[in-house]
There are 2 protein chains.
Amino acid sequence: MTAPRAQIARAEVLCRERGVRLTDQRRRVLEILCAAGRPVGAYEIMDAMREGPRVVAPPTVYRALEFLLEQGLIHKIESLHAFVGCDHPEHPHSSEFLICLECGGVAELKDDAVERSLESVTRESGFRPRRRVVEVMGTCAQCAHKEECARKEEADRSPGPVD
Amino acid sequence: MTAPRAQIARAEVLCRERGVRLTDQRRRVLEILCAAGRPVGAYEIMDAMREGPRVVAPPTVYRALEFLLEQGLIHKIESLHAFVGCDHPEHPHSSEFLICLECGGVAELKDDAVERSLESVTRESGFRPRRRVVEVMGTCAQCAHKEECARKEEADRSPGPVD
DNA sequence: GGACGACATGATATCTTATAACGTGCCGAC
DNA sequence: GTCGGCACGTTATAAGATATCATGTCGTCC
Ligand SMILES: [Zn+2]
Ligand SMILES: [Zn+2]
Ligand SMILES: [Zn+2]
Ligand SMILES: [Zn+2]
């Protein structure tokens, strides 16, 4: 939940340090992702870019996304065919994502227990891991709370059979 | 690694028990998946079905896949846009998958440690999980071994600098 | 300064994956 | 018999991703 501005600034620094170019197009895509604060599809990004000076075609967006993925500045959410900005891109990593099916929000976790258990189970089977995809879909705390409240209110109005 | 025949038979029983219909098309899709023993895309399934009596269109395949997913007889591998037969469909579940990038093979795990750690980390954040996607991409034991052997042989032929 | 190569982008077309919408046929319930 | 639910057929199209070739941009080397 870093401020979008700060995220961009950090990305600038990282890219300079690494000797790679955060070009206008790439920064623009990153800005859109960070500002959204939720998963955004490639074509939605493209639409957002149309607002700007130039019209862009799919390959432009996908190339920018490829770069940002390589630099660990964003992540791809496989189960949504969408992308999100990374909250701590200092060193590239795989993360765990909690995806709310109600509000579409996504939280990026970094849980050692999950990583350790995955590490050990892959090791045991002689598997050499390269990339991890961990995506849990369900209902986030906020939405669960709202649901709870709605149910409660409902019950108050008509105190029918206690379930 | 159950025999395809046995998997189909088990699916028949399960569907009868549940009062749902494992129709010809659905069984055919399941057969193709089980026989392949690796992830297969929807359109590849469709091609395989063309060999049979009737030509089928995408919706037919996707409907069959939807049913099989609902019944927990197959899984979808999100990162590959492909499907695999489930090895233990007795009660529907989410699993962890090890996906080999060399040979394309997939192993379905069922690891309590991974599940427990995911469970606890989601609980902590008040998140109510519904479906888990856990896919680890890398190199399987077999392929890693082959690579190892190749390297060794190479070293034997030209005993250059020891790495 | 001009030639060159590396890299980023533009532009067009195409491919892959997935779903919408509507119609038909089967079968059991009533 | 007819009604309703369900599986499937058929056509079209949406949504996501890539292949290919052309153009531009910029620093380096001579
Ligand atoms: Zn991250
Ligand atoms: Zn939510
Ligand atoms: Zn399974
Ligand atoms: Zn392998």
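Chain naming here is simple, since letters A, B, ... match the order of the sequence lines and numbering starts at 1 in each. Keep in mind that the numbers below use all heavy atoms, side chains included, and drop hydrogens, waters and symmetry copies.
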For [N], does OP1 or OP2 lie under 4.0 Å from any side-chain N or O of [X]?
{"X": "B:His81", "N": "C:dA18", "value": "yes"}
{"X": "B:Thr60", "N": "D:dG9", "value": "yes"}
{"X": "A:Thr23", "N": "C:dA8", "value": "no"}
{"X": "A:Arg63", "N": "D:dT18", "value": "no"}
{"X": "B:Lys76", "N": "C:dA18", "value": "yes"}

Residue whose closest nucleotide on DNA chain D lies nearer the 5' end, B:Arg26 versus B:Pro58 = B:Arg26
key: Position toward the 5' end of DNA chain D (nearest nucleotide), A:Glu44 or B:Arg54   = B:Arg54
Could you state the atom-to-atom distance from [atom1] of [X] to [atom2] of [N] in whole Å?
{"X": "A:Glu78", "N": "D:dG16", "atom1": "CD", "atom2": "C1'", "answer": "12 Å"}
{"X": "A:Met46", "N": "D:dA17", "atom1": "CE", "atom2": "P", "answer": "12 Å"}
{"X": "A:Glu66", "N": "C:dA8", "atom1": "CD", "atom2": "P", "answer": "11 Å"}
{"X": "A:Leu80", "N": "D:dG16", "atom1": "CG", "atom2": "P", "answer": "10 Å"}
{"X": "A:Met49", "N": "C:dA8", "atom1": "CE", "atom2": "C1'", "answer": "13 Å"}
{"X": "B:Asp24", "N": "C:dC26", "atom1": "CG", "atom2": "P", "answer": "14 Å"}
{"X": "A:Phe67", "N": "D:dT18", "atom1": "CZ", "atom2": "C1'", "answer": "20 Å"}
{"X": "A:Tyr43", "N": "D:dA17", "atom1": "OH", "atom2": "C1'", "answer": "6 Å"}

query = If you check the A:Ala57 side chain, which of D:dA17, C:dT12, C:dA18 turns out closest?
reply = C:dT12
task = Select base, sugar-phosphate, or nothing to describe what A:Arg21 touches, counting heavy atoms under 4.0 Å on all strands.
result = sugar-phosphate
ask   = For B:Ser79 and A:Glu78, does a side-chain donor sit closer than 3.5 Å to a side-chain acceptor?
value = no
message = Quick one about B:Glu115 and B:His93 (side-chain donor to acceptor, distance below 3.5 Å, no hydrogens or angles considered), yes or no?
response = no
ask   = Hey, which of these two, B:Tyr62 or A:Pro59, hits DNA chain C nearer its 5' end, going by closest nucleotide?
value = A:Pro59
Hey, are [X] and [Y] close enough for a salt bridge, meaning a charged N less than 4.0 Å from a carboxylate O?
{"X": "B:Glu12", "Y": "B:Arg27", "value": "yes"}
{"X": "B:Glu90", "Y": "B:Arg10", "value": "yes"}
{"X": "B:Glu147", "Y": "A:Arg128", "value": "yes"}

